[in-house]
Amino acid sequence: MSDAQLWDAVDDYFTAHLSPDDEALRAAVRDSEAAELPSVAVTAPQGKFLHLLALTQGARTILEIGTLGGYSTIWLARALPADGRLVSLEYSPKHAEVACRNIARAGLEKVVDVRVGAALDSLPQLADENPAPFDLVFIDADKANNAHYVEWALRLTSAGSLIIVDNVVRGGRIAEADSSAADVRGARAAVELIGGHPRLSGTAIQTVGGKGYDGFLLARVLA
C-alpha cells in the first residue's frame, strides 16, 4: 500500500466514525464535481475540525475567504447559532453559483452571505460596512495573497479571534526558502507575518490525508 493509499484509508476510517456526512454534504461534493470545480475542498475530517474549532470558539460571526463549492462553508455555518452570520468571499461567479445552491440545500442561506469578486476588492468593501469583529476567519483562497488576507483578517477581528490559513505546507515546498513559486512564497509570507506580528500568536500543523501532504496555520489575535 502506498503512502497515499494509506492516508486515504485512514481518512475513510475517521470519516466513518467521527465525521459522517449527510445528504447535504454529499450533494455539495457531487454537484461540485459535476460542475468540474477544482478538487481542492477540505476533506470531511478537516471540515469537522473547522466545525469543532468554531464551536469551541463560540463563534457568532465567521469570515471565509474562498468559498469554492461551499463544502467548508456548510461545516462552518452549522456551528453558528440561528442568528449567526458567515460572510464568504469567492472570486469565481461559477463557483459561487454552485456554492449558493449547495448552501441553500443545506438550509443555511439565511446565515451565509456569499459575495462574488476578488477578495482584495471585497475586503475593503466589507470593512467599510463596519461589521462586528469576526470571531473566526478561514483563509482558503489563492495562496499568493495569503499574507494580504491575514492582514485584512487582523483588521476585521479583535482579541480572542482565530485565524486559520489552509494549505501552507504545499507538499513540503514551504521549506524551500529560494522557491519562486507564487503559492510557496505566499505561504511563507503568511507564516513569517504571523510569526513576527505582535498581535498574533500562531502555530502550523502538518497534515496527511485525502488531499495529500499539506497543513494549516492557526493564529489567535492577542490584542
Side-chain angles (χ1 to χ4, degrees), residues 4-5 7-57 59-119 122 134-143 149 162 164-167 207-212 214-216:
Q5 289 172 324
W7 298 341
D8 284 345
V10 173
D11 253 7
D12 290 344
Y13 173 77
F14 285 152
T15 297
H17 290 279
L18 300 173
S19 50
D21 59 13
D22 52 31
E23 180 52 31
L25 289 168
R26 287 191 294 271
V29 173
R30 185 172 61 244
D31 285 9
S32 296
E33 291 175 348
E36 299 182 340
L37 271 58
S39 182
V40 293
V42 300
T43 63
Q46 291 166 349
K48 183 65 175 291
F49 177 74
L50 291 172
H51 177 83
L52 290 174
L53 275 180
L55 285 175
T56 302
Q57 181 70 357
R60 302 184 66 84
T61 55
I62 295 174
L63 172 62
E64 179 181 52
I65 303 176
T67 317
L68 195 61
Y71 184 78
S72 58
T73 318
I74 292 170
W75 276 110
L76 285 166
R78 284 178 169 177
L80 290 170
D83 61 347
R85 182 190 187 209
L86 189 155
V87 177
S88 189
L89 309 180
E90 173 54 47
Y91 175 77
S92 167
K94 175 184 176 181
H95 296 179
E97 181 180 353
V98 174
C100 286
R101 288 200 303 268
N102 290 332
I103 291 162
R105 183 190 295 114
L108 296 165
E109 68 274 17
K110 293 183 179 179
V111 176
V112 178
D113 175 12
V114 177
R115 303 188 180 192
V116 181
S122 300
F134 288 96
D135 301 312
L136 184 149
V137 179
F138 179 50
I139 299 171
D140 190 12
D142 59 303
K143 310 310 172 185
Y149 297 145
L162 290 182
I164 306 154
V165 186
D166 203 10
N167 306 127
T207 63
V208 295
K211 300 300 179 181
D214 216 319
F216 63 91

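Counting begins at 1 with the first residue of the sequence.
Distance alone, capped at 3.5 Å, places no donor-acceptor pair between the Asp113 side chain and the Val87 backbone. Side-chain N or O atoms of Glu90 include none that pairs as donor or acceptor with a backbone N or O of Val116 at under 3.5 Å. Side-chain N or O atoms of Lys48 include one that pairs as donor or acceptor with a backbone N or O of Leu18 at under 3.5 Å. The main-chain N or O of Gly70 is never found under 3.5 Å from a side-chain atom of Asn102 such that the two would form a donor-acceptor pair. Listed for the Thr61 side chain is a donor-acceptor partner under 3.5 Å among the backbone atoms of Asp135.
Electrostatic pairing of Asp166 and Lys211 does not count as a salt bridge here, judged by no charged N lying under 4.0 Å from a carboxylate O.
The CZ atom of Phe216 lies 4.0 Å from the CZ atom of Phe49; values are rounded to the nearest 0.5 Å. To the nearest 0.5 angstrom, Asp140 atom CG is 11.0 Å from Tyr149 atom OH. The distance from the NE2 atom of His51 to the OG1 atom of Thr56 is 9.5 Å, given to the nearest 0.5 Å.
The side-chain hydrogen bond (donor to acceptor under 3.5 Å, both in side chains) search around Arg30 returns Glu23, not counting sequence neighbours. The salt bridge (Lys or Arg N to Asp or Glu O under 4.0 Å) search around Asp31 returns Arg105, not counting sequence neighbours.
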(message) Set out, in order, the CA-CA distance, both residues' side-chain angles and the distance that settles ring-ring contact (aromatic ring centres under 6.0 Å, His included) for His17 and Tyr13, then state yes or no.
(response) CA-CA 6 Å; His17 290 279; Tyr13 173 77; 4.6 Å; yes
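Nearest heavy-atom pair across Ala77 and Leu108 is CB-CD1, 3.8 Å.
The only option from Leu89, Leu86, Leu76 that meets the side chain to side chain contact (heavy atoms under 4.5 Å, CB included) definition with Leu63 turns out to be Leu89.
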